[in-house]
2 protein chains.
Amino acid sequence: MKTVPLHNAKKPAVACNNCSLSELCLPRGLNSEELELLENSINKTVKIKKKDYLFHRDDKQHAIFAVKAGAIKTSLSTPDGEEQILGFYLPGDLLGFDAFSRDRHTCDAQALDDTLVCELSMDNFQELCGMLPVMRGQMMRQIGAEIEREQMLLLTLGQMRTEERLATFLSSLAERNKERGFSSTEFNLPMARHDLANYLGMAVETLSRMFSRLQEEKIIAVQHRLVKIEDPNRLKQLAHHTCRPASDAL
Amino acid sequence: MKTVPLHNAKKPAVACNNCSLSELCLPRGLNSEELELLENSINKTVKIKKKDYLFHRDDKQHAIFAVKAGAIKTSLSTPDGEEQILGFYLPGDLLGFDAFSRDRHTCDAQALDDTLVCELSMDNFQELCGMLPVMRGQMMRQIGAEIEREQMLLLTLGQMRTEERLATFLSSLAERNKERGFSSTEFNLPMARHDLANYLGMAVETLSRMFSRLQEEKIIAVQHRLVKIEDPNRLKQLAHHTCRPASDAL
DNA sequence: ACAGCGTTTTGATTTACATCAAGAAACCAT
DNA sequence: ATGGTTTCTTGATGTAAATCAAAACGCTGT
């Protein structure tokens, strides 16, 4: 890839200012009284250092989380140390719903960077569910979204070639950013190549080459972690497999 | 693969005699009165012809199903006709839980063979949930099992080479059969090579070669759809990635 | 500023897998 | 049974992606 020194490649801020748990979790359907109730139930905002874990597989679920800044990855590991990243959670995303069916987490969650999450303890959550029927529906929808995300990833890993996989990923990241009110054509990748390659089931070198190829094809421009989408249509076309609007996380 | 004409390769029966929905869904925790209630709620046993669909993506969920004989595959398809098989449901398995979060199915379900399912309508199911709190927990556990299955498949598709993928599949099928009281060393594959290859994210030819290779390595013996596991330990060793007891379906 | 270390990119080579093509076995209807 | 169709296996070849190796870049601390 051609390397143009880019001194002004400042990281755009990625903190999510309007992402209190209440807004994220229940965008509508609550009156102000209920909203206050929810706000008061949020225990605290927690700071997690880069590479620290938010939870481990088989941990008892004690809370659900909303990412406010930074990024979290969830992953599955084998006894012999191989891992498969299952998803990335960016500012505005909720996580912890993986544990809902058996009360223990099904995967590990690790911070990719210094990260801020606010947490709603399970006790409070259960209590809220009792008081606010909407809450239960919202929870189910979250679980459903996760299932669909994973199914899309299966399609990606099982059927696409590497270039298409990257195109799909970038396309849905752009979509997500748009929904969140960020730029859908220019953004920073919150994860290292290493992690993205793992997520997309390919070698780091291959991933790097695919970035370069998309750049050669004038579809994107890459400066390290900064991505500009030059031709959204051709990108979408490459990612033709996606059959449904992107859900929340990645 | 060497071909030894095998005239006695009769299909073992695959019907599941002890798989009434009540037993499957709620193995324990119900008194006889409640059990009767559940049995009475089961609408009917439905026969589905090979290649017919049990439900389509975005269909409104009207029931949950228990496979009594035959086999069902669930899959996701892209606009351009490519598909990714997400799971196989064999006698004794429950399906339909994919729709729980948004009341519409997230994938297609198609019979791989003439298939018998018994169905519990959603109306009855909801009613039962109201009367039997256990039911709700059971539902959540089913959803959780599906999520874990999908996560395991992600690990398989993302990290394993083709031989390992097949070994993993055979290993978990054996495990499943064992749990169901069938032989874990000799069984019929309920699906065509075509479908299995798609599920495992490889070409049919590659799958065939991997069957042959495992046979050359004296790990299994294959006669068309009939598989004998000769060396379960070496099979498990190849499928080293599996990190947790197999859940219900595949 | 610089040195030092981890990350990312690029190049050369190997390899696992897909594809193409053809034969063998299984399935099906008559 | 018989022929025809489909499914499965095998072989030959091509190619996408992994691996190996090294250089360029970016980040951190002094």
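Each chain gets a letter, A, B and so on, in the order its sequence line appears, and its residues count up from 1.
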> For every nucleotide of nucleotides 1-7 of chain D, 5' to 3': is a protein heavy atom under 4.0 Å from its base (B), only from its sugar-phosphate (S), or from neither (-)?
Replying inline: -------
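A:Gln159 CD to B:Glu82 CD: the interatomic distance, rounded to the nearest 0.5 Å, is 5.0 Å.
In this entry the distance linking CG of B:Leu189 with C1' of D:dC8 reads 13 Å, nearest Å. The CZ-P distance, from B:Phe211 to C:dA25, rounds to 18 Å in whole Å. Here the C1' atom of nucleotide D:dT19 and the CG atom of A:Leu207 are 16 Å apart, to the nearest Å. Across the protein-nucleic acid pair, A:His194 atom NE2 and D:dC27 atom P stand 18 Å apart, rounded to whole Å. When the P atom of C:dA16 is taken as reference, atom CG of B:Leu157 falls 19 Å away, rounded to whole Å. Rounded to whole angstrom, the span from the CD atom of B:Gln159 across to the P atom of D:dA17 amounts to 16 Å. Between B:Leu200 atom CG and C:dC17 atom C1' there is a gap of 14 Å when expressed in whole angstrom units. Taking atom CD of B:Glu163 as the reference point, atom P of C:dA18 lies 14 Å away to the nearest angstrom.
Phosphate proximity of C:dT9 to A:Ser208: present, with a side-chain N or O under 4.0 Å from OP1 or OP2. Between B:Thr206 and the phosphate of C:dC17, there is no side-chain N or O to OP1/OP2 separation shorter than 4.0 Å. Phosphate proximity of C:dT9 to A:Ser212: absent, as no side-chain N or O sits under 4.0 Å from OP1 or OP2.
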> Just the dot-bracket of DNA chain D, please: which string comes out with Watson-Crick or G-U pairs under 3.5 Å, [ ] for crossing, | for another strand?
Replying inline: ||||||||||||||||||||||||||||||
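In the interface, the side chain of B:Glu205 is paired with the base of C:dC20 through a donor and an acceptor atom under 3.5 Å apart. Side-chain atoms of B:Arg161 and base atoms of D:dT19 include no donor and acceptor less than 3.5 Å apart.
In this structure, the ring of B:Tyr199 has its center less than 6.0 angstrom from the ring center of B:Phe88.
Using a 4.0 Å cut-off between a side-chain N of Lys or Arg and a carboxylate O of Asp or Glu, B:Glu216 and B:Arg209 do not qualify as a salt bridge. Salt bridge status for B:Asp93 with B:Arg180: present, with a side-chain N to carboxylate O gap under 4.0 Å. Between B:Lys218 and B:Asp231 no salt bridge is recorded (no basic side-chain N to carboxylate O distance below 4.0 Å). B:Lys51 has no carboxylate O lying under 4.0 Å from a charged side-chain N of B:Asp113, or vice versa, which leaves the two without a salt bridge. Ion pairing between a basic and an acidic side chain is recognised when a charged N comes within 4.0 Å of a carboxylate O; B:Glu163 and B:Arg213 show such pairing.
Considering only the side chain of A:Arg209, C:dG11 comes nearest among C:dG11, C:dC17, D:dA17.
A donor-acceptor pair shorter than 3.5 Å cannot be found between the side chains of A:Asp59 and A:His105.
Both tests do not hold together for A:Arg225 against A:Phe187: distance to the six-membered ring centre under 6.0 Å, angle to the ring axis within 45°.
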